[in-house]
There are 2 protein chains.
Amino acid sequence: MHEMNYIPNQVAKNLRKKRTNTIGFLTKEYFPLVGDFLNSFTKIAAEHGYSVNVYFTQTADNELKTLRLLTTHALDAVFILTRINSWDTISSYAKFGPISTWHRVNRPNIYSNFIDHYPIYYHVMNHLYDNGHKNIGHVLSSLRNANTRARTRAIDDFKASYPDSNQDFQLFYHTQTGTGEDAAQKWLAAKNKPSAVIFYADFVAAEFISTLRKNGKKVPDDCLVVGSDNSEIAHMMNMPTIDLCFRNQAHNAFIYLYNELNSDRLSYENQNPHWVDAN
Amino acid sequence: MHEMNYIPNQVAKNLRKKRTNTIGFLTKEYFPLVGDFLNSFTKIAAEHGYSVNVYFTQTADNELKTLRLLTTHALDAVFILTRINSWDTISSYAKFGPISTWHRVNRPNIYSNFIDHYPIYYHVMNHLYDNGHKNIGHVLSSLRNANTRARTRAIDDFKASYPDSNQDFQLFYHTQTGTGEDAAQKWLAAKNKPSAVIFYADFVAAEFISTLRKNGKKVPDDCLVVGSDNSEIAHMMNMPTIDLCFRNQAHNAFIYLYNELNSDRLSYENQNPHWVDAN
DNA sequence: CTGAAAGCGCTAACAG
DNA sequence: CTGTTAGCGCTTTCAG
């Protein structure tokens, strides 16, 4: 019998139970929404007894090394915010532990809590058009991203329905660093400037605004800028944005992992993307 | 002999080695700099074979529960970004694993990679005074924070040296949410408005700016706003800020933990706080 | 130099 | 119902 100040060893428990109650949170790089998302994800995880390990994967090799933590039983499950390797490669790790993401990916063994950007994006264009914006610019993420493809489909369909509108200003980016500034330079250089531009991320939109203002332009008078996250930055910059429910996505992405790992079932949250006015 | 597809079990290794190579990153709540800091901290940790567990402690009880992970050998060490319990209470856990923080705390068993805010703050006030700002406002963090006390000492000493200056506008806050807006309301209501205001965080300064603009004020014409982190937000909002070297702090805070846990020694980085102009 | 064994600290199963 | 034991998978030690 030990003395009364006995402290159980968690690692021994983990070995025995073959569970660490730890989930990996993988993102290629840091951008502001990572923090917000992680905040939501970690809190719901903590409520159900899980802790969250953060990994900034940076390289394809590193991402694989991190996924291999599932095979060594260091992690019970994995959430992927931004990936590097192909979904095929990633999904091959699902047999070692459940994997979820917020990206739109169609694999039987990866839970995807995606939002269909098509209807909301079409709705936003309609809204802008009704407010007199015939020339609408689009700053989009990479086309390898299914959300981006949904957006370009919406653009094409909208263009077909409203031939008098102009959707020619389209930019595609793979990262978020320096992007807003680059887009602003392109806008300043454009001969036929769109009167409104929709962005794939609040942060990029914010950088766009600040670069425009630095160049003596007025926002929203010269250009209405629309963000895409409903994050704090959107409020700060006083821009309209699109709520794509990342908080619910974080919630549901965890719920899936939990349900896969445990016998009891937690229930999913509904999500409802919507336009958010500048405050 | 097993087949060739043998995968070692990390948890068994951890049990044997009595090491998890995992560091806890504790913060009371989320605010934008948390993400930036975590990014720096996690990357340097990963370079040296450590992963980082994030905890949003929220309550005093929760924070203790998290610190107890040191006693159960779930965590090797702990970094504290924002605390809840007293440093006395926290330091009593140092015998179970090294603890570091970026706060200014004078405990033999807690490494504090603090920046002395006194000289840089005095310098900033001087700079503003030389540029014609006789009435300078101060939005500060809690007085239980040693950095805040260094700032108030700088204010008092400056006031003594320049009796014609006005430093009466002083606000103290415990959190970062809604703070900038509240400070802006106070500024708008003030009869004797300071022509420049220095903030304890970029994010709070940004919120202040956006609230002022919403109320028809011009920044920086009506009020020069100075931030305090040199974070992305400062660039976005085009405000001058103070670089307090949080990236170096993240680096050094990790180095300490590493050196305590290992026999080899990594070396610390120098830090040099400085004024950063609006770009 | 190679191979077996002990033990890290826990929990589940089993015996008393 | 209580107490002992086997084994989770690794590493270190010790014997061959």
Side-chain angles (χ1 to χ4, degrees), chain A residues 1-24 26 45-53 55 61-62 64-78 92-99 257-266, chain B residues 1-24 26 45-53 55 61-62 64-78 92-99 257-266:
Chain A
M1 307 302 128
H2 296 89
E3 290 298 335
M4 43 177 288
N5 51 359
Y6 158 73
I7 300 168
N9 181 311
Q10 187 58 46
V11 182
K13 279 183 174 177
N14 291 346
L15 177 61
R16 202 42 263 252
K17 296 259 198 75
K18 293 164 175 290
R19 282 291 170 83
T20 57
N21 274 36
T22 303
I23 296 175
L26 277 65
E47 281 168 25
H48 295 97
Y50 282 82
S51 41
V52 176
N53 256 9
Y55 299 90
D61 230 46
N62 239 313
L64 288 183
K65 214 191 297 174
T66 310
L67 285 170
R68 255 177 245 131
L69 294 176
L70 286 173
T71 71
T72 65
H73 297 98
L75 297 176
D76 289 352
V78 145
S92 71
Y93 287 86
K95 57 175 167 293
F96 302 107
I99 299 178
L257 300 178
Y258 181 92
N259 286 348
E260 287 291 304
L261 293 169
N262 299 277
S263 47
D264 58 325
R265 312 263 114 198
L266 303 176
Chain B
M1 308 302 126
H2 294 92
E3 291 298 335
M4 46 178 287
N5 51 0
Y6 157 73
I7 299 168
N9 181 311
Q10 187 58 45
V11 182
K13 279 182 173 176
N14 291 347
L15 177 60
R16 200 46 260 250
K17 296 261 197 76
K18 294 166 174 290
R19 280 294 168 81
T20 56
N21 275 35
T22 303
I23 295 175
L26 277 65
E47 280 168 27
H48 295 96
Y50 283 81
S51 41
V52 176
N53 255 9
Y55 300 90
D61 230 46
N62 238 315
L64 288 183
K65 214 191 294 174
T66 311
L67 286 170
R68 256 178 245 128
L69 295 175
L70 286 173
T71 71
T72 65
H73 297 99
L75 297 176
D76 288 353
V78 146
S92 71
Y93 287 86
K95 58 175 166 292
F96 302 108
I99 300 178
L257 300 178
Y258 181 92
N259 286 350
E260 288 290 306
L261 293 170
N262 299 277
S263 47
D264 59 323
R265 312 263 114 194
L266 304 176

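Note that the coordinates shown come from a computational prediction; the quantities given were computed from them, not determined experimentally. Just so you know, these numbers use all the heavy atoms, side chains as well, and skip hydrogens, waters and symmetry mates. Residue numbers begin at 1 in each chain, while the letters A, B, ... track the order of the sequences.
Axis angle, first five pairs versus last five pairs of the helix from dC1(C)-dG16(D) to dG16(C)-dC1(D): 60°, rounded to 10°.
The distance between atom CG of L15(B) and atom P of dA6(C), rounded to the nearest whole Å, is 18 Å. N14(A) has its CG atom 21 Å from the P atom of dG7(D), to the nearest Å. With rounding to whole Å, R19(B) atom CZ is found 15 Å from dT11(D) atom C1'. To the nearest angstrom, C1' of dC10(D) lies 10 Å from CD of Q10(B). K13(B) has its NZ atom 8 Å from the P atom of dC10(D), to the nearest Å. Here the C1' atom of nucleotide dG7(D) and the CZ atom of R16(A) are 7 Å apart, to the nearest Å.
For the pair K17(A) and dA12(C), the criterion of a side-chain N or O lying under 4.0 Å from OP1 or OP2 is not met. The shortest distance between the side-chain N/O atoms of K18(B) and the OP1/OP2 oxygens of dT11(D) is not below 4.0 Å.
Looking at every heavy atom in both residues, N9(A) comes nearest to H73(B) through ND2-ND1, 3.7 Å.
Here OG1 of T71(B) is found 10.0 Å from NZ of K95(B). Values are rounded to the nearest 0.5 Å. Distance check, rounded to the nearest 0.5 Å: CD1 of I99(A) to CG of L26(A) gives 9.0 Å.
No more than 12 heavy atoms of other residues, nucleotides or ligands sit less than 6.0 Å from atom CG of D61(A).
Inter-residue side-chain proximity for Y93(B) and R68(B) is flagged as met; some heavy-atom pair is nearer than 4.5 Å. Counting heavy atoms from C-beta outward, T72(A) and K13(B) have side chains that stay 4.5 Å or more apart. Under the 4.5 Å side-chain criterion, counting only non-hydrogen atoms from C-beta, N21(B) is in contact with D76(B).
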Test log, rule side-chain contact (heavy atoms from CB on, under 4.5 Å), inputs T20(B) and Q10(A):
CA-CA 10 Å; T20(B) 56; Q10(A) 187 58 46; over 6 Å; no
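Taking the six-membered ring where the residue is Trp, H48(A) and Y258(A) present tilted rings, their angle falling between 30° and 60°.
Remark: nothing in residues 65-73 of chain B comes within less than 4.0 Å of DNA chain D through any heavy atom.
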